Amino acid sequence: MEHQPLNELRSIADVRLASMTRRQRLERWVELLDREPLRLLKSLGEIEFRPRAERHMMRADNSPLTVAFEDPVLRAEGLMGDTLGDAIKFFELSEGQAHRVLCSCLNGPATHARTIAATVRGIATRSMGLPRVAWTIAGAAAALPALLHLLR
């Protein structure tokens with residue numbers, strides 16, 4: 001058996017290494033942000049007021065997305081660019097999560113990398129929102145008898 005470098009194998013075969021999970025991609029982004037915790041990163045301006053097509057094309061130089069896209073590991077995993085749409089797709093973010101991490105209305109015009117890292121860390125460690133939904137339903141069910149009693 002002849003040994004060849006991975007780059008040469010890629011030119012003659014479809015070679016894929018094991019992919020990172022969503023959580024691993026988010027944790028990698030956190031790690032990159034934590035490397036320069038005081039780096040001031042630009043936010044994206046008022047994401048929520050842009051039409052969806054325009055929103056997904058939004059980007060800014062020296063943003064948290066720039067930090068992610070500068071990383072060869074995340075690019076090799078499939079991060080295609082530093083636009084909001086690229087981030088939503090690659091990191092599997094909801095619109096709300098992307099807004100929380102990147103929008104100027106919540107982060108000001110610029111934010112320290114450590115602040116963004118904390119927000120992304122929270123998204124990475126939180127489950128898909130099922131516990132919040134379950135608690136909301138349970139709370140509403142518990143409050144329903146009291147509400148009905150007050151309306152009599």
Side-chain angles (χ1 to χ4, degrees), residues 5-144:
L6 186 57
N7 290 344
E8 287 181 29
L9 290 174
R10 282 190 175 131
S11 68
I12 58 174
D14 185 18
V15 177
R16 295 177 192 248
L17 301 175
S19 294
M20 297 169 87
T21 65
R22 174 186 188 258
R23 184 172 179 157
Q24 289 170 328
R25 291 190 305 268
L26 289 167
E27 287 173 348
R28 175 70 180 184
W29 192 13
V30 167
E31 178 186 320
L32 297 167
L33 291 163
D34 280 338
R35 288 181 184 174
E36 295 181 76
L38 298 178
R39 180 176 173 181
L40 210 52
L41 299 170
K42 292 181 186 173
S43 300
L44 302 182
E46 299 181 338
I47 293 169
E48 67 274 23
F49 296 117
R50 305 284 178 94
R52 180 178 291 258
E54 186 179 322
R55 187 181 321 149
H56 281 245
M57 296 306 300
M58 291 179 72
R59 65 166 304 282
D61 291 337
N62 194 39
S63 75
L65 300 176
T66 304
V67 173
F69 190 62
E70 288 172 346
D71 181 47
V73 172
L74 293 180
R75 285 196 317 271
E77 281 294 317
L79 181 58
M80 301 302 290
D82 66 348
T83 67
L84 180 60
D86 292 327
I88 287 171
K89 182 176 178 182
F90 180 74
F91 292 110
E92 300 176 43
L93 299 172
S94 69
E95 294 276 338
Q97 290 169 332
H99 182 258
R100 200 164 48 248
V101 173
L102 300 164
C103 191
S104 64
C105 73
L106 296 171
N107 299 305
T111 308
H112 286 110
R114 68 176 170 212
T115 303
I116 300 299
T119 304
V120 175
R121 188 178 292 110
I123 291 168
T125 57
R126 224 172 271 124
S127 66
M128 296 304 286
L130 184 58
R132 184 181 299 170
V133 171
W135 280 108
T136 301
I137 292 170
L144 187 60

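Source: prediction; values computed, not measured.
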**Q** Taking R75 for the side chain and F69 for the main chain, is one N or O donor matched with an acceptor at less than 3.5 Å?
**A**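 Yes, the answer is positive, given that a donor and an acceptor are paired below the 3.5 Å cut-off.
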
**Q** Do R114 and D34 sit within salt-bridge range, that is, some charged N less than 4.0 Å from a carboxylate O?
**A**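 No, this pair does not count.
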
**Q** Tell me whether the guanidinium CZ or amine NZ of R22 lies under 6.0 angstrom from the six-membered ring centre of F91 and within 45° of its axis.
**A**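 No, R22 does not lie over the aromatic ring of F91.
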
**Q** Flag the pair I88 / E95 as yes when at least one side-chain heavy-atom distance between them is below 4.5 Å, and no otherwise.
**A**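 Counting from C-beta outward, I88 and E95 do come under 4.5 Å.
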
**Q** Any donor and acceptor pair, going by atom type alone, linking the side chain of E54 with main-chain N or O of P51 inside 3.5 Å?
**A**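 Side chain of E54 to backbone of P51: no pair is present.
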
**Q** With a 4.5 Å limit on heavy-atom distance, are the side chains of H99 and C105 in contact?
**A**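 Yes, their side chains come closer than 4.5 Å.
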
**Q** Please check: side-chain N/O of S104 versus main-chain N/O of S43, any donor-acceptor pairing under 3.5 Å?
**A**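 It does not hold such a pair.
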
**Q** Pick one: which of L102, V101, V67 meets side chain to side chain contact (heavy atoms under 4.5 Å, CB included) with I116?
**A**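 Single pass found, and it is V101.
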
**Q** Quick one, L84 and H56 - any side-chain contact, counting heavy atoms below 4.5 Å?
**A**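 No - every pair of side-chain heavy atoms lies 4.5 Å or more apart.
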
**Q** If you round to the nearest 0.5 Å, how far is OG1 of T115 from CG of L106?
**A**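 L106 CG to T115 OG1: 12.5 Å, rounded to 0.5 Å.
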
**Q** Going by an N to O cut-off under 4.0 Å, is there a salt bridge joining R35 and E31?
**A**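 Yes, R35 and E31 are salt-bridged.
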
**Q** When rounded to the nearest 0.5 angstrom, what distance separates CZ in R55 from CD1 in I47?
**A**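 These two atoms lie 8.5 Å from each other.
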
**Q** Over all heavy atoms of both residues, which pair between T66 and N62 is shortest? Give the atoms and the distance, please.
**A**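 For T66 and N62, the tightest heavy-atom pair comes out as OG1-N, 3.2 Å.
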
**Q** What is the minimum heavy-atom distance between P64 and W29, and which atoms define it?
**A**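 What the structure gives for the nearest pair is O-NE1, 3.0 Å.
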
**Q** Which heavy atom of G45 sits nearest to which heavy atom of R50, and what is that distance?
**A**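 So the two residues come closest at O-NH2, 3.7 Å.
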
**Q** Hey, are R39 and E70 close enough for a salt bridge, meaning a charged N less than 4.0 Å from a carboxylate O?
**A**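 So R39 pairs with E70 through a salt bridge.
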
**Q** Nearest heavy-atom pair of E77 and S19: which atoms, and what distance?
**A**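 It is OE1-CA, 3.5 Å.
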
**Q** Would you find a donor on one side and an acceptor on the other, under 3.5 Å apart, between the side chain of T125 and the backbone of R121?
**A**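 Checking the backbone N and O of R121 against the side chain of T125, a donor-acceptor pair under 3.5 Å is found.
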
**Q** Assess whether side-chain contact (heavy atoms from CB on, under 4.5 Å) is satisfied between I123 and R100, documenting all intermediate values.
**A** CA-CA 10 Å; I123 291 168; R100 200 164 48 248; 3.9 Å; yes

**Q** Checking the side chain of Q24 only, and the main-chain atoms of T21 only, is there a donor and an acceptor separated by less than 3.5 Å?
**A**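 Side chain of Q24 to backbone of T21: a pair is present.
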
**Q** Do any N or O atoms from the side chain of R25 and from the backbone of M20 form a donor-acceptor pair under 3.5 angstrom?
**A**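 Yes; at least one donor-acceptor contact below 3.5 Å.
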
**Q** So do L41 and S63 actually touch side chain to side chain, heavy atoms under 4.5 Å?
**A**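 Of all side-chain heavy-atom pairs linking L41 with S63, none is under 4.5 Å.
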
**Q** Distance from R126 atom CZ to L26 atom CG, nearest 0.5 Å?
**A**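 Going from the CZ atom of R126 to the CG atom of L26 covers 11.5 Å.
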
**Q** May I ask you to decide if L32's main-chain N or O and D71's side chain share a donor-acceptor pair within less than 3.5 Å?
**A**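 Between the backbone of L32 and the side chain of D71 there is no qualifying donor-acceptor contact (under 3.5 Å).
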
**Q** Taking R59 for its side chain and D82 for its backbone only, find out whether a donor-acceptor pair lies under 3.5 Å.
**A**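 The answer is no, because no donor-acceptor pair under 3.5 Å joins these two groups.
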
**Q** Tell me, do T83 and L65 make a side-chain contact under 4.5 Å, heavy atoms counted?
**A**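 When only atoms from C-beta onward are counted, L65 and T83 do not touch, as no gap falls below 4.5 Å.
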
